[in-house]
Amino acid sequence: MNTRTLSPFIASDKHGVQEWHNVDRNKSLKQGIWLYFVLLIFEGALRKWVLPGLSTPLLIIRDPVALWLVFTAWRRGLLPQNIFLSGMAFVGITGIYTAILAGHGNIYVALFGARPLLIHFPLIFVIGRVFNREDVLRIGKTLLWLVFPMTVLIALQFYSPQSAFVNRGVGGDMAGAGFGGAMDYFRPPGTFSFTNGTTLFYQLSATFILFFLIHPVRINRLVLVAATIGLLAAIPLSISRGLFFQVIVSVVFLVFAMTRNPKFMLRILGAIVAVASILILLNNISFFQTATEVFMSRFTDANEVEGGLVKGVIGNRYLGWMLGALSSALDIPLLGNGLGIATNVAVAVLTDPVTNSKVIGTPDEEWGRTIYELGPILGLAVVFIRVGLDLTIAFASYRKLVRKDLLPWMLLSFGSLTLLQAQWAQPTSLGFCTLIAGLMIASLRSSVPKPSEALKVAQWI
């Protein structure tokens with residue numbers, strides 16, 4: 001057997017015999033990933049409450065950490081060689097040149113736009129290679145500890161005026177950080193710069209909550225109950241249909257897992273009883289009743305505006321925009337309008353303050369934005385790379401589920417849609433996409449891999 005291939009997992013003892021061991025040779029890289037995670041959760045708090053004067057540079061505070069992680073992993077030979085990484089690197093580098101020569105012509109905007117492709121996308125594979133299943137579970141347990149306090153915070157934001165300190169906007173903006181909701185209530189941002197961070201935080205947390213409800217091993221039961229209460233309360237408090245739909249998707253994934261493994265049946269029924277009991281309890285609390293009324297008002301109004309639940313929300317919002325982006329690709333210049341042109345940096349740097357002519361009409365949807373920036377050839381290449389990686393992880397997660405391993409499958413319930421459609425031009429969305437994709441890959445690995453498993457994992461990550 002080729003021991004070089006297995007070198008990250010093997011060490012020699014003092015007698016010269018190679019053996020498996022639990023010594024973590026990549027401790028500093030793991031610490032860097034944890035720093036990335038912490039900054040993802042609390043970057044908005046720094047920009048709003050702690051260091052509002054530095055809100056602009058703090059927008060990309062995770063980028064130096066990500067760059068160091070990718071560079072260090074590359075130096076140590078931990079960055080895998082595969083078609084996904086090679087293809088994205090080619091698109092990113094080529095996109096910088098096309099943006100300068102045939103697009104907007106600004107190198108700083110082009111470099112900013114290339115960050116997701118050249119730094120954060122490779123970080124997915126660093127997390128997948130450095131972390132293992134136990135590390136993924138530690139992230140999940142940490143999220144469980146954070147859910148209830150986060151719910152308390154968004155409850156305060158929900159019921160407080162926008163002028164209150166808890167609703168302070170980025171840079172100390174006194175106008176508030178809340179976003180349009182319903183019935184004169186605003187969607188709360190939590191510790192994040194914008195409300196999408198709240199939605200993504202709870203969506204990721206929901207996957208771990210559902211997993212630990214079925215596998216409550218080595219988990220504090222009180223923390224799990226508190227996190228479950230926090231999640232259920234956060235759905236109406238967040239006034240987020242995206243959070244509601246994602247929790248439904250995760251539950252569907254859990255029910256499907258039950259059909260594949262009947263042994264989960266009693267555990268799932270127990271979880272349903274527990275959740276139902278919590279809902280009955282919350283329904284008797286006035287603050288929850290008010291939040292539910294606001295959420296239902298928002299849900300009904302938004303669905304009517306978008307043309308109904310099935311045709312408007314599911315058909316257009318989740319599926320139609322993808323098909324629309326593909327069908328409109330030929331209307332975009334061959335080399336695109338320039339990498340990074342659809343970012344906030346481009347708005348600040350390129351837009352003519354009088355005519356507002358240079359950055360206008362850029363698509364909001366991720367696939368449309370990507371093709372708009374890079375053109376039909378490079379843009380579709382990015383789309384196909386994301387779809388290809390998503391399918392690869394999905395097939396591997398299903399194989400794990402068949403072998404009665406539920407963790408990768410539950411992470412896939414959130415990670416699959418996120419990897420497909422997360423908006424990489426928005427830093428918080430980019431961060432959660434990077435994190436969940438890396439965690440999905442890492443969850444496929446054991447704590448201490450066997451030689452055959454190490455080879456199998458290395459072939460595709």
Side-chain angles (χ1 to χ4, degrees), residues 37 124 127-128 131-147 199-221 223-225 227-228 230-232 234-235 242-272 274-275 278 389-422 432-447 457 461:
F37 168 74
I124 291 173
I127 297 173
F131 265 22
N132 56 39
R133 181 187 177 88
E134 290 302 314
D135 296 307
V136 175
L137 291 175
R138 291 187 188 101
I139 290 285
K141 292 174 183 178
T142 302
L143 285 168
L144 259 61
W145 279 94
L146 293 174
V147 166
T199 299
L200 291 164
F201 168 81
Y202 283 107
Q203 287 175 338
L204 175 59
S205 300
T207 63
F208 283 106
I209 290 173
L210 290 172
F211 172 79
F212 284 121
L213 284 173
I214 305 304
H215 289 285
V217 180
R218 291 180 295 166
I219 188 72
N220 187 309
R221 301 297 180 93
V223 174
L224 179 58
V225 171
T228 305
L231 172 64
L232 294 176
I235 293 174
L243 173 57
F244 174 76
F245 287 127
Q246 180 56 59
V247 171
I248 295 296
V249 169
S250 294
V251 171
V252 170
F253 268 64
L254 187 60
V255 172
F256 179 82
M258 178 183 67
T259 64
R260 295 294 308 175
N261 297 285
K263 76 167 190 175
F264 293 146
M265 177 73 75
L266 290 178
R267 298 178 185 178
I268 292 176
L269 291 176
I272 291 174
V275 169
I278 292 172
L389 178 59
D390 199 29
L391 290 175
T392 302
I393 296 174
F395 289 140
S397 299
Y398 178 76
R399 288 195 295 269
K400 283 285 189 177
L401 178 65
V402 171
R403 296 197 292 268
K404 298 181 173 53
D405 185 352
L406 184 62
L407 180 60
W409 182 252
M410 290 310 303
L411 293 179
L412 182 71
S413 69
F414 168 59
S416 180
L417 290 176
T418 304
L419 184 55
L420 279 180
Q421 66 179 10
F432 273 100
C433 180
T434 302
L435 179 66
I436 184 58
L439 293 180
M440 285 193 294
I441 295 175
S443 69
L444 298 169
R445 302 176 55 218
S446 303
S447 300
V457 172
I461 68 170

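Note that the structure is a prediction, hence the values are computed from the model and not measured.
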Contacts of [X] that satisfy side chain to side chain donor-acceptor pair (under 3.5 Å) - sequence neighbours left out:
X	result
Arg218	Glu134
Ser413	Ser250
Thr199	Ser240

With [X] via side-chain contact (heavy atoms from CB on, under 4.5 Å) - residues at least two apart:
X	result
Ala227	Leu144, Val147, Ile209
Ser416	Asp390, Leu412
Val402	Arg260, Tyr398
Phe395	Leu391, Arg399

Are any non-hydrogen side-chain atoms of [X] and [Y] less than 4.5 angstrom apart?
X	Y	answer
Leu444	Asp405	no
Pro408	Lys400	yes
Leu254	Phe211	no
Leu243	Leu200	no
Leu143	Leu204	yes
Phe253	Leu210	no

Can a donor-acceptor pair be found, under 3.5 Å and without considering hydrogens, that links the side chain of [X] to the backbone of [Y]?
X	Y	value
Lys141	Ile219	no
Arg445	Arg133	no
Gln246	Leu417	no

Is there a side-chain contact (heavy atoms from CB on, under 4.5 Å) between Val136 and Met440 once you walk through the steps? CA-CA 9 Å; Val136 175; Met440 285 193 294; over 6 Å; no
Let me confirm one number: the [atom1]-[atom2] distance from [X] to [Y], rounded to the nearest 0.5 Å.
X	Y	atom1	atom2	value
Ile124	Leu435	CD1	CG	10.0 Å
Leu439	Phe37	CG	CZ	8.5 Å
Met410	Leu407	CE	CG	9.5 Å
Asp135	Ile127	CG	CD1	11.0 Å

Close aromatic pair by centroid cut-off 6.0 Å: Trp409 and Phe256: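 Here the rings of Phe256 and Trp409 have centres that are less than 6.0 Å from each other.
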Could you walk me through whether Phe414 and Val249 pass the side-chain contact (heavy atoms from CB on, under 4.5 Å) check? CA-CA 8 Å; Phe414 168 59; Val249 169; over 6 Å; no
Set of ring-ring contact (aromatic ring centres under 6.0 Å, His included) partners for Tyr202, sequence neighbours left out: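 ring-ring contact (aromatic ring centres under 6.0 Å, His included) list for Tyr202, sorted by chain: empty.
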Heavy atoms of Ala206 and Leu231 approach each other most closely as CB-CD2, 3.8 Å
On the 0 to 90° scale, with breaks at 30° and 60°, tag the Phe212-Phe208 ring pair as parallel, tilted or perpendicular. parallel
Between Ile139, Leu411, Ile441, Leu419, which is the residue that forms a side chain to side chain contact (heavy atoms under 4.5 Å, CB included) with Ile436? Leu411
